[in-house]
Chemist: 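Quick one: structure below, then a few questions.
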Amino acid sequence: MYDITKWQHIFKLDPAKEISDDDLEAVCMSNTDAIMIGGTDNVTEDNVIHLMSRVRRYPLPLVLEISNVESVMPGFDFYFVPTVLNSTNVTYHNGILLEAMKQFGHVIDFDEVVFEGYVVMNEESKVATKTEANTELSLDDIEAYARMINNMYKLPVMYLEYSGTYGDVEEVKMASEMLTETQLFYGGGISSLEKAREMAEFADTIIVGDIIYKDVKKALKTVKVKESRHK
Ligand code: 1GP
């Protein structure tokens with residue numbers, strides 16, 4: 001079985017966006033550790049199943065990061081479930097989860113489920129707007145969230161989500177210093193190997209999304225981060 005704790009690099013594909021067969025093949029055969037399917041808007045059963053069946057031709061782990069109950073389906077290796085800890089709306093803490101448990105709790109294989117403690121950092125991002133996240137966070141706040149996730153909620157993953165913008169290394173460093181058990185995911189604005197390396201210095205796993213759709217060649221270069229890790 002796959003060991004998520006060893007994953008250093010993940011490509012995140014948005015089911016609402018178009019990707020050519022050639023680009024998809026390049027991404028899937030790039031030596032990335034996994035493909036994650038997930039997005040904020042317009043994630044539907046139709047576009048998720050379509051993308052899943054295309055990615056399934058390739059021999060690497062496939063994750064669905066759940067954004068709504070309607071687009072959840074069998075056939076993935078893992079289901080990553082975000083809980084947005086700096087959301088001001090309980091819906092995004094455990095409200096959607098409650099509905100999901102009521103509908104599907106009896107059929108869920110919890111060995112396939114990974115609970116992600118999200119901290120949304122980019123005020124301008126769709127995810128920040130949708131989840132009504134309080135993104136005005138100091139380093140002390142990040143330290144506290146990291147402790148909360150690692151020592152109290154004891155979640156397997158903390159996801160520092162800068163979606164669409166490149167983050168602040170000091171913030172990522174702060175989170176990483178607090179985490180002794182929890183795996184740190186970093187996502188946002190990685191568009192070069194240099195940026196990938198800079199964040200991988202502190203994050204266990206980096207997530208690369210948007211650049212796949214803007215410049216796939218640049219996206220592919222970020223996978224080389226796996227060869228140059230210090231940790
Ligand atoms: C988005 O964290 C991921 O959920 C990746 O961010 O799209 O900015 O690469 P980018």
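Order of listing sets the numbers, starting from 1, for every ligand and every atom in it.
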Chemist: Using a strict cut-off of 4.0 Å, indicate which atoms of ligand 1 neighbour a heavy atom of G189.
Modeler: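 Once the distances to G189 are compared, the set is 8 (O), 9 (O), 10 (P).
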Chemist: Using a strict cut-off of less than 4.0 Å between a Lys/Arg side-chain nitrogen and an Asp/Glu carboxylate oxygen, indicate whether K173 and D168 qualify as a salt bridge.
Modeler: no
Chemist: Between R56 and D77, is the closest basic N to carboxylate O distance under 4.0 Å?
Modeler: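 Result for this pair is yes, salt bridge flagged.
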Chemist: Report yes if I190 has an N/O atom closer than 3.5 Å to an N/O atom of ligand 1; otherwise report no.
Modeler: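 Among all N and O atoms of I190, none is under 3.5 Å from an N or O of ligand 1.
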Chemist: Centroid-to-centroid, Y186 to F202, below 6.0 Å?
Modeler: no
Chemist: Which residue owns the protein heavy atom closest to atom 7 (O) of ligand 1, what's the atom, and how far is it?
Modeler: D210 N, 2.9 Å
Chemist: So is V208 polar-close to ligand 1, meaning N/O to N/O under 3.5 Å?
Modeler: no
Chemist: With heavy-atom distances below 4.0 Å as the criterion, list the atoms of ligand 1 near I207.
Modeler: 5 (C)
Chemist: Can K12 and D210 be counted as an ion pair, charged N to O under 4.0 angstrom?
Modeler: no
Chemist: Would you tell me whether N89 and S87 have side-chain atoms, one donor and one acceptor, within less than 3.5 Å of each other?
Modeler: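 No, no side-chain donor-acceptor pair sits under 3.5 Å.
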Chemist: May I ask whether I211 places a heavy atom under 4.0 Å from ligand 1?
Modeler: no
Chemist: Report the nearest protein non-hydrogen atom to atom 9 (O) of ligand 1: residue, atom name, distance rounded to 0.1 Å.
Modeler: G209 N, 2.9 Å
Chemist: Considering only heavy atoms, which of E161, M36, M121, K126 lies nearest to atom 4 (O) of ligand 1?
Modeler: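 Answer by nearest heavy atom: E161.
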Chemist: Would you say the side-chain atoms of H9 and T205 include a donor-acceptor pair closer than 3.5 Å?
Modeler: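 T205 and H9 do not have a side-chain donor-acceptor pair below 3.5 Å.
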Chemist: Before accepting this row, confirm whether a basic side-chain N of the pair E99/K102 lies closer than 4.0 Å to the acidic partner's carboxylate O.
Modeler: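 Salt bridge between E99 and K102, a charged N being under 4.0 Å from a carboxylate O: yes.
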Chemist: Using heavy-atom distances, let me know which of Y159, Y162, F185, Y213 sits nearest atom 3 (C) of ligand 1.
Modeler: Y159
